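Working notes, structure below.
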Amino acid sequence: MGSEWHLLFFLLLTIWSKGAVITAVVFNDLPRTVEVNENVAAGVVASFTVNCTTPSSSGPSVTLQNISPTTMFFNSPNALGNGTFQVTLRPGATLNAREVNQYTFTFQAECPGETISTSQLYIQVKEVYELLCDNSFLDTAAKPLVVPEDIAPEAVIYTVTLKRQGRGSLTFGFENVLVPFTINTEGQVRVPATGFTREQAGKLFQTNIVVKDADGRNCSSFLEVQVQPVYHNTVNFTESSIAVSVYENNGPLQIITQVHAHGGGHVRYQIRSPTVYFTISSDLGVIKNTYNLDLDHNPGLHNTLLVVEAYDILHPTDRATIIVNITVQRRNQQGPMCHPAIYVAEIPETSRIGTSLATLTCVDKDNNNRTLQYHMENNQTPPYSFHMEHNVLQVNTTLDYDSAAMISRGFLYQATILVTDNGNPQQTRDLYVLGPLDYEKQKSYRLILTLKDLDNDVNPTKQFTTPCNITINVLNVNDNAPVCTPDFETRTICSTRATDTSIVTLQCRDEDEENGRLIYTIVGGNTNGRFRMIDNSLFHNTFSFNRDGIFDPRNYELLVQVMDSHTPHLSTTATIIVHVIPWTTTVPTTSTTTTTMAPKKPIILHRTEEYWAPDPWFVVVLTVTGILLLSALGLLFWHFCCRKAQTEASQPLLQNRGQRMERNYIVTEESSNDKGNVSAEVLSLHHHFDGRAQDPVTGQHYLYDSSSGARRWV
């Protein structure tokens, strides 16, 4: 075992020594912060060196973990040799200090056999107040803008963009003020407020846009705009749009509306989209429905945007369109129904919160879902209050809970509604208990659930309502323990009281059953069995106050268990204090003073007991130590007694007692050649004794006469 421990120690020492020499890669000049201007050219912006603690032929390797915030402006670190690395800015990168003023680079370096290290490089971008136009703005001369003649007035056709804004506010303007365009302080070029005229159609407008900052710096570029003429239709609708509403289920080929367009005398009409449910006469523009408009089967028909086009058959390119908004409104024809219309549910009063009660199936054939509103009508007497809120039935009341304090209790039900479309389930809601029930307070709940269909007709007077009767019967469960009033009694009696006379009668009741049988049992304090219970009455047996025999106490604290006869059994405990005054007819041999004690009010004491709970190993060690100590003491005592018995020359004294009298005997020892002959002589109690000793066997003291050898017990 010793060699194994040495080997384990050697292995641990070897592992520790190997781990102790592991070193990490060193960043010589990181972390640090480098400042660059936002107009810096592409190339090197920062450099740093990395050294390996242990020389290596391959040298350190550095990787860029991330850049925060993420950007593509910078390249990965470039290794120059001897552990030197450079961070470069890519060509075309545009740093902007107003957008990002600092980039954080996280590098990771590693060398063979060394711990990987990480460090950060911070590049701060400094703002340069320089006005610099963007390339897209400078290239406008090579890319003329083409805008249609009928473009909307004041429409934005171009926005000036800059690489750098310069210092202070900017001003924008045209060198050629004869152009019809306008430019605002944000650099937006707009169409004239009246739009382009027929005379301006087809023309090419040229100008220079000049941008200036607060320091007088400026940049400019050539802008060229070509106004493209468009063909002017002669076909136009008399209205810009049409909105019409119709009722559902009117049958097919019903006239919805009619559109009108003028121009050329050869106008025809067609529906561009959608064309499934509606049709239009090509010559008159009358729109009709092709199918029966039923929102239950086609909910998308509630609102339809119909694109109608008018064109000239002699000039097909001469066209105009109009949007017809068709709204299909519901027609309420049938009221909702519940199955069954009268529902009865039973639930034990001890049911947990969340217990499911029932499932009601409610159907509205006018709509497949989402249109039923639930309202609970209360036909209960106060203090109950039922109401529906967000499809939830709630019952509020105040009840006596566990015979303690009046607290607020609630009965909350969620109406279970199974909404169907011609018998096909669509959605469900649950009817369940959300509060405690008490059979003794209320045995039944009768609720009226009123269903109202909504969104089935634009006219609110066409809504239908249907009542559903719900009866919830609460089943009685043994959940209340018996209650005694009062649960504490005090009585004072004489010991000679007749044993067939009741001392006290307990008044107890069980709320679960008014006339239920209760079982009374004395479970504590009945010293010497002096009391008995007959039904709910307490009787006593004969008391004994004889000091030579059984002596009963004068005060009894009886605990009476009161248990109901239901299953499971519930019980409570009543306390009866009985003070007994001793009263005897015989004269005792000794004078006895009888003290009459007035009944005292019981005092309830609360005592906190502290105990020590040691760990199991300590108990085992303490037990073994105690056994060893007791064994050693017993062995020492046995050894001492054996030596004492061997050296003791005298025999034990004898003692004899008679009934109701005591006599002392003295045993004398005489020398004799025959061992074992001992003669006893009864001496007078007035004999003269001049010595005192202790018997080694019995341990009792005695007196002895040194001259005669006579002895007497003390």
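In what follows, residues are counted from 1 in the order of the sequence shown. As the structure is a computational prediction, the values presented were derived from the model and not from experiment.
Contacts of Ala93 classified as side-chain contact (heavy atoms from CB on, under 4.5 Å), with partners at least two apart in sequence or in another chain: Phe73, Leu89. Scored by the side-chain hydrogen bond (donor to acceptor under 3.5 Å, both in side chains) test, Ser68 finds no partners at all (sequence neighbours excluded). In this structure Phe205 satisfies the ring pair (Phe, Tyr, Trp, His ring centres under 6.0 Å) test together with Phe181, sequence neighbours excluded. Residues meeting the side-chain contact (heavy atoms from CB on, under 4.5 Å) test with Glu154, sequence neighbours left out: Ala193. Contacts of Glu127 classified as salt bridge (Lys or Arg N to Asp or Glu O under 4.0 Å), with partners at least two apart in sequence or in another chain: Arg98. Residues meeting the side-chain contact (heavy atoms from CB on, under 4.5 Å) test with Thr321, sequence neighbours left out: Arg272, Glu309. In this view, Ser119 and Phe27, Leu30, Pro31 satisfy the side-chain contact (heavy atoms from CB on, under 4.5 Å) rule, not counting sequence neighbours. Annotation: side-chain hydrogen bond (donor to acceptor under 3.5 Å, both in side chains) contacts of Gln226 (sequence neighbours excluded): none. For the side-chain hydrogen bond (donor to acceptor under 3.5 Å, both in side chains) test, residues two or more places apart in sequence or in another chain that qualify with Glu199 are Thr197. Remark: Arg190 engages no residue in a salt bridge (Lys or Arg N to Asp or Glu O under 4.0 Å) (not counting sequence neighbours). Shown here are the ring pair (Phe, Tyr, Trp, His ring centres under 6.0 Å) partners of Phe74, two or more places apart in sequence or in another chain: Tyr103, Phe105. Every residue was checked against the side-chain hydrogen bond (donor to acceptor under 3.5 Å, both in side chains) condition with Glu239, not counting sequence neighbours, and none meets it.
For Glu38 (side chain) and Ala97 (main-chain N/O), a donor-acceptor pair under 3.5 Å exists by modelled atom type. Asp318 contributes a side-chain N or O that, together with a main-chain N or O of Val235, makes up a donor-acceptor pair within less than 3.5 Å. A donor-acceptor pair under 3.5 Å links the side-chain atoms of Thr290 to the main chain of Tyr277, judged by distance alone. Side-chain atoms of Ser241 never come within 3.5 Å of backbone atoms of Ile323 as a donor-acceptor pair (strictly under, hydrogens ignored). Judged by distance alone, with hydrogens and angles left aside, the side-chain atoms of Asn37 form no donor-acceptor pair with the main-chain N or O of Val125 at under 3.5 Å. For the pair Asn184 (side chain) and Glu186 (backbone), a donor-acceptor distance under 3.5 Å is present.
A distance of 13.0 Å separates CD in Gln228 from CG in Leu145, rounded to the nearest 0.5 Å. Atom-to-atom distance recorded for Ser47:OG and Asp29:CG is 7.0 Å, nearest 0.5 angstrom. Interatomic distance, Thr185 OG1 to Ile183 CD1, rounded to the nearest 0.5 Å: 9.5 Å. How far CG of Asn325 is from CG of Leu306: 10.0 Å, rounded to the nearest 0.5 Å.
In this structure the side chain of Thr53 reaches within 4.5 angstrom of the side chain of Val26, judged on heavy atoms. Thr106 places none of its side-chain heavy atoms less than 4.5 Å from the side chain of Leu64. Within the 4.5 Å cutoff, side-chain heavy atoms of Ile157 are placed close to those of Val191. Considering only heavy atoms from C-beta on, Tyr122 comes within 4.5 Å of Gln102 through its side chain. Between Gln65 and Gln120, every side-chain heavy-atom pair lies at or beyond the 4.5 Å cut-off. At a threshold of 4.5 Å between non-hydrogen side-chain atoms, the residues Thr257 and Val324 count as touching. Side-chain contact between Phe174 and Val189 is present, with at least one heavy-atom pair separated by less than 4.5 Å.
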*Apply side chain to side chain donor-acceptor pair (under 3.5 Å) to Gln86 and Thr84, showing your working.*
CA-CA 7 Å; Gln86 291 180 338; Thr84 303; over 6 Å; no
*Check the pair Phe107, Thr118 against side-chain contact (heavy atoms from CB on, under 4.5 Å), reporting the backbone distance first and the verdict last.*
CA-CA 6 Å; Phe107 299 102; Thr118 59; over 6 Å; no
*Show the numbers, then the answer: is there a side-chain contact (heavy atoms from CB on, under 4.5 Å) between Ile256 and Val244?*
CA-CA 8 Å; Ile256 305 298; Val244 63; 3.9 Å; yes
*Kindly determine whether Leu95 and Val36 satisfy side-chain contact (heavy atoms from CB on, under 4.5 Å), including the steps that lead there.*
CA-CA 9 Å; Leu95 300 178; Val36 297; 4.2 Å; yes
*Stepwise side-chain contact (heavy atoms from CB on, under 4.5 Å) check, Val328 with Thr304*: CA-CA 8 Å; Val328 180; Thr304 303; 5.7 Å; no
*Report the C-alpha separation of Ser220 and Asn208 in whole Å, then their side-chain angles, then the decisive distance to 0.1 Å, and conclude whether the side chain to side chain donor-acceptor pair (under 3.5 Å) test is met.*
CA-CA 6 Å; Ser220 63; Asn208 283 327; 5.7 Å; no
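The two atoms that bring Phe196 and Glu149 nearest to each other are CB-O, 3.6 Å, heavy atoms only. Scanning both residues, Gln206 and Val179, for their nearest heavy atoms gives O-CG1, 3.7 Å. Looking at every heavy atom in both residues, Pro77 comes nearest to Phe85 through CB-CB, 4.4 Å. When all heavy atoms of Ala46 and Leu121 are compared, the pair lying nearest together is CB-CD2, 3.8 Å. The nearest pair of heavy atoms linking Thr327 to Asn303 is OG1-ND2, 3.7 Å. Nearest heavy-atom pair across His302 and Leu295 is N-CD2, 3.5 Å.
A donor-acceptor pair shorter than 3.5 Å cannot be found between the side chains of Tyr291 and Asn298.
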